[in-house]
Amino acid sequence: MPCEITGPQVCLHKRYCTGLTIGFLVALVNQSLVSADIVNADKAMGRSRKYKIIFSPQKFYSCELVLEEEGIYGDVTCDEWAFYLLPLDDDLLSMELPEFFRDYFLEGDQRWISTIARALQLLNSLFGPFANTYGIGRCAKMVYEVWRELVEESEGDSHARRPEISHVFLMDRDVDYVTALCSQVVYEGLVDDTFRIKCGSVDFGPDVTSSDRSFKVLLNAQDKVFSEIRNEHFSNVFGFLSQKARNLQTQYDRRRGMDIKQMKNFVSQELKGLKQEHRLLSLHIGACESIMKKKTKQDFQELLKTEHSLLEGFDIRESTSYIEEHIDRQVSPSESLRLMCLLSVTENGLIPKDYRSLKTQYLQSYGPEHLLTFHNLKRIGLLTEQAPGETLTAVESKVSKLVTDRAAGKLTDAFNSLARKSNFRGISKKLGLIPRVDGEYNLKVPRDMAYVFSGAYIPLSCKIIEQVLERKGWLGLEEVVRLLNGNEFAPTEPVMEENPAWEAQRVILAVFLGGCTFSEISALRFLGKEKGYKFIFLTTAITSSARLMDAMLEAKV
Amino acid sequence: MGFIAGLGLAEGMALELTGKEERVIALRSLTSPLVCLLCCRKFELYSMAWNLKEDLRDCLVAAAPYGGPIALMKNNFRKEKSPGSRPLLEIYSASGVPLASVLWKSGQVVQLGWTASEDLLCIQEDGTVLIYNLFCEFKRHFSMGNEVLQNHVREAKVFHTEYGTGVAILTGAHRFSLTTNIDDLKLRRMPEVPGLQKLPSCWAVLSQDRVTIILLAVGQDLYLLDNTSCSVVTPPGISPHAGAYVQMAVSFNYCYLALFTDTGSIWMGTSSLKEKLGEFSCDFRTPPRQMVWCTRPRSKQRAVVAAWDRRLLVAGKSKECIQFILDEDSYLVPELDGVRIFSRTTHEFLHEIPEASEEIFKIASMAPGALLLEAQREYEKQSQKADEYLREIKDQNLLAEAVRQCIEAAGYEHEPETQKSLLRAASFGKCFLDKFPPESFVRTCRDLRVLNAIRDYQIGIPLTFAQYKQLTIEVLLDRLVLRRLYPLAIKICEYLRLSEFQGVSRILAHWACYKVQQKDKSDEEVAHAINQKLGDTPGISYSEIAARAYDCGRTELAIKVLEYEPRSGEQVPLLLKMKKSQLALNKAIESGDTDLVYTVVLHLKNELNRGTFFMTLQKQPVALSLYRQFCKHQELETLKDLYNQDDDHQELGNFHVHSSYSSEKRIEGRVAALQNAVDEYYKAKNEFAAKATEDQIKLLRMQRRLQDELDKPYVDYSLHDTVYGLILDGNHKRAEQLYRDFRIPDKRFWWLKIGALAEREDWEEMEKFSKSKKSPVGYLPFVEICMKHHNRHEAKKYAARVTPEQRVKAHILVRELDQAADAAIEHKNENEMNLVLSKCTAATDSSVVEKINRAKAQILKK
């Protein structure tokens, strides 16, 4: 939310007055923007004030209902702020609806559908008619349909303009949970995972700034240093930064041997920019150090190794015990949960024995209320149990009596991969998501989108977009679509660009319903560079594995 | 036939002519100037199509202003015939075309009157006012109050003010009651007139400065009744011998008042009674049957028209008057700019001749307009006189004025032929002008075309130009729609190029609303007909039409019509109203508007009993999840009921678990909630959850016991944290107890125990523990944990015990690089060697580096 929510008690109300933006108008003390609780609290204290609540992006009937039930309907005036899109960057628009993910995918609440459709319509009316719209996912389809209706209603006032956005691609988050669950290793993603980027800005604490103050830094294309490293694999970043520092030094050094006039020029024109750059550079170096401290330790390497084997489908037993140890040692509640989900999603569910034992371990570590968390995860499909019959548990248990633990695990893996049609495995195979590694993957000169995951995995969501754009539709992807549970759509008659010059600079709007990660953005930026597309991102919110997990957590309030 | 009457001082005579064209020429030959003080003319609008059996005087008559309809009802009251016979209420257009009739079945009617929206008011003796539309369809009724009911209505008047249509009543108790707006009924009882023992001889309603007052005459006295008081007034300048007032008239705009006394004197003045305009004496002593004002906006001329049985008298400021003989009973209808007079056979219009017409048609007029008309006529005859006339106008530089006059005069003419010749003259004159703005000409042509169309005998709305302008085209269209003249209205809209939204769509919608009331057609037929005609016309709201159908009791038709409504959202409110809640829910969901879904759901909640309500939701997952969301925040108990209803034991279990830590504070309450959850989980066949919850109950009980015994907070910790806390406090026995009771896996127990012991820095206990049995997690964690707590000494002890594979790692951890190197070399593992190398610093560990390099070289050699 662009405005901070004031006070903890307001947050309670935030959920059903969802989208409620509350802030205080400092200028007018009497006209605070407040919510029901504040009003009632004030009432209880005998204070009488004027209240105005601004609902953004729209006022729902249920909001009024709540105000009415709380008995303050008469005390407040309401307004609506049709705020749909927050431009976080040159190519990134966010609706800042982090609650969308839980509301829609978990609770089945469809109230945001029309909101998103309206946002699309806004873009449509600003940038000419969208030429081709593709998508996949139930929500994407609904949004598309509602948006089409809006277009038809407003038909007539849009003139036949040259479409500025040639392709639109809508995708549900639940089409690809795997990518969102992976640890991010691209700089921007890593910054997000480590420091949490909020509304395009990040708070660098004292350990980064190496002073006693923390800095709020806007992270976007305006930041010259950041814009060069944001999409880089982390292993390159430090080298780049030190190179940059050296360059900066030489530029400073030019001062020597200048005459008065040159010096005057230097001070008036270049110095400010250099100083600015210097400041940013030192911040990012600080951030890097801080990340290195946290992430380059042995256990982070092991974590990545585990993730990669999960993605590739090797050593499942080993990974499972790794996760178990992770839980037993109380490393991090949300990390453990994430790994469990990743295991489940890549393996099409946990085998019943693991499902039980991991859950038991988790409950013992973090408390019984997570029983509900697991229920949520099951419902949304992030952490499930393999349906009996699909597994060879019986065989496995017999085998395990005969051979040692380790061998039994391997055997089980082998059996499983034979017996079970794993959706992710199938999709991964069909789309070639795991690049064949011959030798070291050169992260400095990436050859495909896999670089955002150290060359181990091409993000599924991005791969789908790439494929559909290449094939101008879903033709040839039938099997993948089936494994993704369908709900795909494409224009009935694709509008072909008659002008080749157009083709060269296609603008593609990628819409992520339920959030997208910085890694996905980086991957698509890379794809765009390779193919000469320009990607614009529209997301309900920026997400990350931690945010996904947080949305599912049932914790004591 | 038209005739013109001029009253002048010089001649003092009325002129009657048959053809205007000739008349002008004829009169122009007269050379003496005509000084006209009062000029008015009367022409026929229609010869009436009705075939009346009764005399008008035997009927209650009401004619609506602005060329409105005429209502007639045979007046039993006056004739006192057999009381059993019921009178017929008939409504005609102004041209006498019957619109509708109905046999009157209600009580005795005292007065008829029309509202501003052309509804008929029938004021009954008992004070009830019944409202009918143009087609004698009953709309509603209201009462003028108890007082009126008791004392009966003696006289009543319907009047129009800026507030709307009002009704004034004079009761049998000689009191007045009135309301200024029948649509927003507020009854006002006027103050009593002191000493009033009989009915006043005459009275009128006045509206001054937005206050409605009543003026009444009793013999020679005039009283003014306002809201609070009754005052005696005297008109200024009235002669003391004028006598008793027997009749009064208020002008259309409430500005002027005329009083007729029993000496035959007519006093004329402002209705404020501050100024006298004139006085006129006539030969008649009997009070006129009707007396009305004949005025025109923005004109100095004013005249009073009085009608007796066979005589009509027009009196102005001057001493003279114009008299007409009436062949039969006539009825006067005051209009904005004149008076309509209708009888059994004809319908005429009497008005003051407008200046422009007078200028042109006056005898021997040399006005520019007159000359232009003449010029054009000569031009058509191909005579050179045209040029002469034209030159005459142009010499005076008055051609623009001439054109303007002709255009204006055309507007005042009733006969299309006259209009045409004037417009032709204007158009002719325009040719000789450089820059004459065309708008007025075009507008007049257009408006006249519309006016001629509605003045048609079949339509029968004789609006004058001035009335039309006052009424506005929108109201005129409304009136056409009210008369169900949809095609004409649409044609007019198209002709005037009104926006679809304002014009055609609106009329089509009205048509459709009327259509749905046709009971003789089947639902399918009507729905189809409507869709065919309306199609996708913008601005059409099918839901409104459906609402009308529903109002007429045709629910099925309403649903059919609603199907054509493209916006599902629009369908919902009506469906709800029709109690088609299920359908409404479907449509709301279809619309994708969650607000609508909420609306319907909450509506359903109130409408249905709980069971059915939940069942309905079951069928609609979208609505159900929305309602659940709502309940989660507002009505937790309902949520429970909801789960109960569908036997969703899993969710019920979750619900209890949730309340065990959110709403319940006491341990007993929490245990009870969890116990409920266990039961539900078992019912849901979720054994895992049930077991986990049972464990939690066990843990909670245990924690409470610990809390009581050890006086430390344990409740609300996870099992792991509880055990950890126990070890930290040195309660190893109890920790072991929990470890066994909850079947904590060995690995976990070892990890947590060494972690806690290290934190406690209980190295002795740790060593004892390490030797209690073979460690399931190996000994590397011991090394790690000791190092974490900076105890290298202890760490070294365990480094010796780790498995060979982990030995290098362990030695590195305790910073024994030399031994690490030895181990690596022993394993002949290059990776391990490199690892050790990376930890070496040149200054201190040169010997180690050397050793490794040597070993590596040896491996290479092999």
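Keep in mind that this is a model prediction, so the values were computed, not measured.
- Other residues, nucleotides and ligands place more than 12 heavy atoms under 6.0 Å from the CZ atom of A/Arg118.
- In the displayed structure, A/Lys305 atom NZ is contacted under 6.0 Å by at most 12 heavy atoms of other residues, nucleotides or ligands.
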Exercise for review: Quick one: do A/Glu107 and B/Arg628 satisfy side-chain contact (heavy atoms from CB on, under 4.5 Å)? Show the steps, please.
Suggested key: CA-CA 8 Å; A/Glu107 315 275 10; B/Arg628 269 200 199 129; over 6 Å; no
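- Of the candidates A/Gln361, A/Arg329, A/Glu325, B/Arg748 forms a side-chain contact (heavy atoms from CB on, under 4.5 Å) with just one, namely A/Gln361.
- Annotation: side chain of B/Tyr598 is in contact with side chain of A/Arg111 (closest heavy-atom distance under 4.5 Å).
- B/Thr722 does not touch chain A: none of its heavy atoms, backbone or side chain, sits under 4.5 Å away.
- Taking both residues in full, the closest heavy atoms of B/Ser718 and A/Ser365 are given as OG-O, 2.8 Å, listed atom of the first, atom of the second, then distance.
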Exercise for review: Would you please test A/Leu363 and B/Phe688 for side-chain contact (heavy atoms from CB on, under 4.5 Å) and show each step?
Suggested key: CA-CA 12 Å; A/Leu363 292 180; B/Phe688 173 80; 4.3 Å; yes
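- Of the residues considered (A/His375, A/Glu145, A/Met142, A/Arg356), A/His375 shows the highest number of contacts with chain B, using heavy-atom pairs under 4.5 Å.
- Neither the backbone nor the side chain of B/Leu752 has a heavy atom closer than 4.5 Å to any heavy atom of chain A.
- The environment of CD in B/Glu687 is sparse: at most 12 heavy-atom neighbours from other residues, nucleotides or ligands sit within 6.0 Å.
- Neither the backbone nor the side chain of A/Glu324 has a heavy atom closer than 4.5 Å to any heavy atom of chain B.
- Counting heavy atoms from C-beta outward, A/Asp328 and B/Phe749 have side chains that stay 4.5 Å or more apart.
- Proximity to chain B (any heavy atom under 4.5 Å) is shown, for A/Ile113, by neither the backbone nor the side chain.
- Contacts with chain A were tallied for B/Val723, B/Leu624, B/Val597, B/Leu602; B/Leu602 has the most, counting heavy-atom pairs under 4.5 Å.
- Between A/Arg379 atom CZ and B/Glu651 atom CD the span is 5.0 Å, to the nearest 0.5 Å.
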Point to revise | Worked verdict on A/Glu369 versus B/His658 for side-chain hydrogen bond (donor to acceptor under 3.5 Å, both in side chains) | key: CA-CA 7 Å; A/Glu369 62 272 13; B/His658 188 265; over 6 Å; no
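- Residue B/Arg743 places its CZ atom among 12 or fewer non-hydrogen atoms of other residues, nucleotides or ligands, all under 6.0 Å distant.
- Rounding to the nearest 0.5 angstrom, the gap separating the CD atom in A/Glu554 from the OH atom in B/Tyr661 is 5.0 Å.
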Check your understanding: What do the steps show when you test A/Leu371 against B/Tyr681 for side-chain contact (heavy atoms from CB on, under 4.5 Å), and what is the final call?
Key -> CA-CA 11 Å; A/Leu371 203 56; B/Tyr681 284 139; 3.8 Å; yes
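- The local environment of NZ in A/Lys378 is sparse, with at most 12 non-hydrogen atoms from other residues, nucleotides or ligands closer than 6.0 Å.
- Per-residue heavy-atom pair counts under 4.5 Å with chain B were compared for A/Thr115, A/Thr360, A/Val146, and the maximum is reached by A/Thr360.
- Atoms CG and CD, from B/Asp721 and A/Gln364 in turn, are 11.5 Å apart once rounded to the nearest 0.5 Å.
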